[in-house]
Peer 1: 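Quick one: this structure, given as structure tokens, is what I'll be asking you about.
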Amino acid sequence: MKKAIFIFATLFLCFYGFSEEVIEFFADKMSGVTAEGADYTKLMGNARIKTSSMEISADVIELSGQDFRYIKAQGNVEGVHNQEAMEFTCQQMDYDRIEKIARFTEKVHLVDTSNDVTADAERIEYREEEGLALMQINVKLLQKNNLCTCAFATYKKKQQLLEMTGNPQIVRGEDVFRAQEITFNMETEAITLDGRVSGQVTENSSKKDGEGEP
């Protein structure tokens, strides 16, 4: 039997789901239903949730599925993933708490604070188990003095490796690198170009990188 819930107040609730994880809810208004295997809660107005690993705020947050497996946040989404040392903003976020996959859409801004890397795109899918971010449309990634732009990119957080396609380009100071495919090792700053390679390298920057004469 379903039970309707309507609460109009500042809200603080805790739900114990799988792995005994606690989810804290805060909002001005809430509506929802509870049913076996089909829980649903909608938070509206200053909505915010907090788990052991993540904090999310948005205009609206919906939780659904068994033990609130799925989280959807919409409108002015902001969040922090403490375990992954990542911060993010976007207009919509969908998160699967079991698969540990987050999908960010529209004006996505992602910051990997542990590696001082920032990324902007229209769509980013982050897979926690793999430490892998798939970025699409108007991708712009900044690391140190390296500005990377392309249409599609794969960011391997653990290996600090960036793979770029779709008119990829890296600008480093006055140097420019272009190709059909670019692989960038962020730890060593090594750049690998493949297919229709072009660009420019200045003499001063080469010497700074230790490639010129002393």
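The basis for the numbers below is simple: all heavy atoms, side chains too, and nothing from hydrogens, waters or symmetry mates.
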Peer 1: Does a side-chain heavy-atom distance below 4.5 Å link Thr183 with Leu161?
Peer 2: yes

Peer 1: Are Met135 and Leu132 connected in the hydrophobic side-chain network, where two residues link if heavy atoms are under 4.5 Å apart?
Peer 2: no

Peer 1: Where is the tightest heavy-atom contact between Ile61 and Ile56, given as atom of each residue plus distance?
Peer 2: CD1-O, 3.8 Å

Peer 1: When you look at Met54 and Asn82, which way does the side chain to side chain contact (heavy atoms under 4.5 Å, CB included) test go after all the steps?
Peer 2: CA-CA 6 Å; Met54 186 181 296; Asn82 298 313; over 6 Å; no

Peer 1: Could you check whether Arg172 and Asn145, counting side-chain N and O atoms only, form a donor-acceptor pair closer than 3.5 Å?
Peer 2: no

Peer 1: Are the side chains of Val117 and Lys157 in touch, meaning some heavy atoms are under 4.5 Å apart?
Peer 2: no

Peer 1: Which of these passes side-chain hydrogen bond (donor to acceptor under 3.5 Å, both in side chains) with Gln74: Gln92, Gln91, Glu106?
Peer 2: Gln92

Peer 1: For Gly65 and Tyr70, work out which heavy atoms get closest and say how close.
Peer 2: CA-CD1, 4.3 Å

Peer 1: Side chain to side chain contact (heavy atoms under 4.5 Å, CB included), that's the test. Do Asp175 and Thr202 meet it? Break it down for me.
Peer 2: CA-CA 6 Å; Asp175 298 344; Thr202 64; 3.4 Å; yes

Peer 1: Would you call Ile170 and Ile191 a side-chain contact if the rule is heavy atoms closer than 4.5 Å?
Peer 2: yes

Peer 1: Kindly indicate whether the side chain of Arg69, heavy atoms from C-beta on, has any atom under 4.5 Å from the side chain of Asp67.
Peer 2: no

Peer 1: Please lay out, stage by stage, how Arg123 and Glu125 fare under the test salt bridge (Lys or Arg N to Asp or Glu O under 4.0 Å).
Peer 2: CA-CA 7 Å; Arg123 297 178 184 174; Glu125 177 179 304; over 6 Å; no

Peer 1: State whether Lys158 and Glu130 are salt-bridged, where the test is any N-O pair (Lys NZ or Arg NE/NH1/NH2 against Asp/Glu carboxylate O) under 4.0 Å.
Peer 2: no

Peer 1: Hey, are Ser64 and Lys42 close enough side-chain-wise for a donor-acceptor pair under 3.5 Å?
Peer 2: no

Peer 1: Give a yes or no on whether a salt bridge exists between Asp116 and Lys144, defined as a side-chain N under 4.0 angstrom from a carboxylate O.
Peer 2: no

Peer 1: Could Glu129 and Lys100 be called an ion pair, given the rule that one side-chain N must be under 4.0 Å from one carboxylate O?
Peer 2: no

Peer 1: Taking all heavy atoms of Met164 and all of Thr149, pick out the closest pair and write down the distance.
Peer 2: CE-O, 3.2 Å

Peer 1: Tell me, yes or no, whether the heavy-atom count around Arg178 atom CZ, taken from other residues, nucleotides or ligands under 6.0 Å, exceeds 12.
Peer 2: yes

Peer 1: When you group the ILVMFWY residues by side-chain heavy-atom contacts below 4.5 Å and let the links chain together, are Met186 and Val176 in the same group?
Peer 2: no

Peer 1: Please name the pair of heavy atoms, one in Cys148 and one in Phe184, separated by the smallest distance, quoted to 0.1 Å.
Peer 2: SG-CD2, 3.9 Å

Peer 1: Ignoring hydrogens, what is the shortest heavy-atom contact between Leu141 and Ala119? Give both atom names and the distance.
Peer 2: CD1-CB, 4.1 Å

Peer 1: Would you say Met44 and Asp28 make side-chain contact, with heavy atoms under 4.5 Å?
Peer 2: no

Peer 1: Within the structure provided, determine whether Thr113 and Met86 are in side-chain contact (heavy-atom separation under 4.5 Å).
Peer 2: no

Peer 1: Side-chain contact test, heavy atoms from C-beta onward, threshold under 4.5 Å: evaluate it for Ile71 versus Arg97 and give yes or no.
Peer 2: yes

Peer 1: May I have all residue pairs that pass ring pair (Phe, Tyr, Trp, His ring centres under 6.0 Å) and include part of residues 73-109, sequence neighbours excluded?
Peer 2: Phe88-Phe104

Peer 1: Share the residues that join Phe152 in a hydrophobic cluster, the rule being Ile, Leu, Val, Met, Phe, Trp or Tyr side chains under 4.5 Å apart at the heavy-atom level.
Peer 2: none

Peer 1: To the nearest 0.5 Å, tell me how far Glu163 CD sits from Lys156 NZ.
Peer 2: 4.0 Å

Peer 1: Got a sec: does the CG of Asn185 have more than 12 other heavy atoms crowding it under 6.0 Å?
Peer 2: yes

Peer 1: Just by distance, with hydrogens left out, do Gln160 and Tyr155 show a side-chain donor and acceptor under 3.5 Å apart?
Peer 2: yes

Peer 1: Would Ile137 and Leu147 show up in the same hydrophobic cluster when neighbours are defined by side-chain heavy atoms closer than 4.5 Å?
Peer 2: no

Peer 1: What do the steps show when you test Leu43 against Ile49 for side chain to side chain contact (heavy atoms under 4.5 Å, CB included), and what is the final call?
Peer 2: CA-CA 9 Å; Leu43 306 169; Ile49 65 172; 3.8 Å; yes

Peer 1: Contact between Asn46 and Arg48 at the side-chain level, heavy atoms closer than 4.5 Å - yes or no?
Peer 2: no

Peer 1: Please name the pair of heavy atoms, one in Asp59 and one in Ala47, separated by the smallest distance, quoted to 0.1 Å.
Peer 2: O-CB, 4.1 Å

